[in-house]
Amino acid sequence: MKAAVHTRYGPPSVVRIAEVDRPSIGDRDVLVRVHATTVNRTDCGYRAAKPFFVRAFTGLARPRHTVLGTEYAGVVEAVGSNVTSFNVGDRVFGYNEGAFGTHAEYLSVPQDGVITIMPRDVTFEEAAPGTEGAHYALSFITTAGVRAGHAVLVYGATGAIGSAAVQLLKHHGATVTAVCGTAQVDLVKALGADRVVDYTVQDFTRDTQRYDAVFDAVGKSTFGCCRRLLKPGGLYLSSDLGPGWQNLFLPLVTPLLRGRKVKFPFPRQDSEMVRYIRTLIESGAFRPVIDRQYALEQIVDAYRYVETGQKIGNVVISVVPPN
């Protein structure tokens, strides 16, 4: 089968298209013919081994998993003898961080992994980007205990995580202020934001409003610069470890101060999570934003674009050309 392969850590150019063996399946596994996948920040981090500690999970000197990719949508090609949840021909989507392998024509996943039937009335290209940003956004919401009526600021509201967070916060009844650039103001309003701060015009950290939670969906701020935005007892959460990995340590320190706090969200990755995302997509509460689409053969260009930091929503890779 054809796959995007990397045998060493480094920039996008370490990735190449190659012929590799089709994955085998066990008694409880599902073989998926991948139609669409994505390139996201998670993939970029694992490919480059940044931060360095990811090598503890992926291989110290060289990557153990040569085919990356976390998100996928496709059709069940074969099932193991003990599989009861899926049938050949089912349209499925899911998330495969850790095992990876979605940047390829075929993928083997356990039937009890992060996989479920695709939402109705969506294409493979629309379903594939449905998990990465959404499951991080849901971890923000759960960790912060967001409830109806809470005021929440989302910094980086146009990325995969941020655009999902705006939609899902509204679904949970929050009042959302979104921070983005001028060109994306109308998009963010269409996602449901109650108020938009254009960071090219105004320093969002000088905002006069106060919030129950601040979500940094791009990992470019700090608790120190956002602390004044929080109400007493308010929470700051970031998608990144922060300078000096402070967002891992501040959750241990800030509760002792009995004031504004930092929490670090650890996302849930299981079949229940992806089934919940399916219901959100089917109900119209969430639709992943798609910026660009590339063919699998163009995946290096996709990596380069994602690493510009300018993508809006998601970058989709079509493994099987869409009809």
Side-chain angles (χ1 to χ4, degrees), residues 38 40-42 70-71 95 97 129-181 184-199 204-205 207 209 211-223 226 229-230 234-242 247 262-269 273-274 276-281 283-291 306 309-315:
T38 66
N40 52 50
R41 283 172 56 195
T42 301
T70 55
E71 296 184 285
Y95 192 72
E97 185 177 352
T131 54
E132 198 245 2
H135 93 289
Y136 281 117
L138 286 169
S139 72
F140 280 158
I141 292 168
T142 302
T143 302
V146 173
R147 302 188 303 275
H150 274 184
V152 181
L153 181 141
V154 179
Y155 175 47
T158 58
I161 300 173
S163 60
V166 171
Q167 296 176 73
L168 298 177
L169 284 163
K170 291 305 300 178
H171 178 67
H172 282 76
T175 300
V176 179
T177 294
V179 181
C180 66
Q184 285 75 50
V185 168
D186 288 343
L187 167 64
V188 173
K189 287 180 178 178
L191 294 177
D194 300 283
R195 177 171 169 261
V196 180
V197 174
D198 182 346
Y199 66 78
F204 81 95
T205 66
D207 192 7
Q209 292 197 24
Y211 300 93
D212 296 286
V214 170
F215 292 173
D216 179 353
V218 286
K220 294 182 178 180
S221 70
T222 63
F223 174 60
C226 293
L229 297 172
L230 295 170
L235 297 173
Y236 171 84
L237 303 95
S238 175
S239 62
D240 195 81
L241 298 179
N247 293 328
V262 176
K263 287 192 174 183
F264 193 78
F266 291 94
R268 178 177 180 175
Q269 298 177 9
M273 176 272 289
V274 74
Y276 179 56
I277 291 174
R278 181 186 68 199
T279 65
L280 292 170
I281 295 174
S283 70
F286 167 61
R287 283 295 174 100
V289 174
I290 298 174
D291 184 342
V306 170
Q310 301 302 309
K311 76 176 177 68
I312 306 302
N314 300 270
V315 170

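Heavy atoms only: backbone and side chains are in, while hydrogens, waters and symmetry mates are out.
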(request) Looking only at non-hydrogen atoms, find the nearest pair between Val218 and Arg41 and report the distance. (result)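 Heavy-atom minimum between the residues: CA-NH1, 3.6 Å.
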(request) Please report the shortest heavy-atom distance between Gly313 and Lys311, naming the atom on each side. (result)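 Minimum heavy-atom separation between Gly313 and Lys311: O-NZ, 2.6 Å.
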Is there a donor-acceptor pair closer than 3.5 Å between any side-chain N or O of [X] and the backbone N or O of [Y]?
X	Y	result
Asp212	Ala151	yes
His171	Gln167	no
Asn314	Val289	yes
Glu71	Thr131	yes
Asn247	Asp240	yes

Can you confirm whether [X] sits close enough to [Y] that some side-chain heavy atom of one is under 4.5 Å from a side-chain heavy atom of the other?
X	Y	value
Gln269	His135	yes
Leu235	Leu230	no
Ile281	Thr279	no
Val188	Arg195	no
Val196	Thr177	no
Phe266	Thr143	no
Leu280	Leu168	yes
Ser239	Phe140	yes

(request) Apply salt bridge (charged side-chain N to carboxylate O under 4.0 Å, His left out) to Lys170 and list each qualifying residue two or more places apart in sequence or on a separate chain. (result)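 Checked Lys170 against salt bridge (charged side-chain N to carboxylate O under 4.0 Å, His left out); matches are Asp194.
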(request) Consider only side-chain N and O atoms of Thr38 and Glu132, and report whether a donor and an acceptor are under 3.5 Å apart. (result)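 Checked: Thr38/Glu132 side chains show no N/O donor-acceptor pair below 3.5 Å.
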(request) Take Phe204 and Val179 through the test side-chain contact (heavy atoms from CB on, under 4.5 Å) and record every step on the way to the result. (result) CA-CA 7 Å; Phe204 81 95; Val179 181; 3.9 Å; yes
(request) Measure the acute angle between the ring planes of Tyr236 and Phe223, then classify it against the limits of 30° and 60° as parallel, tilted or perpendicular. (result)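 Ring orientation of Tyr236 relative to Phe223: tilted.
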(request) Starting from the C-alpha separation in whole Å, work towards a yes-or-no answer on side-chain contact (heavy atoms from CB on, under 4.5 Å) for Ile277 and Tyr95. (result) CA-CA 11 Å; Ile277 291 174; Tyr95 192 72; over 6 Å; no
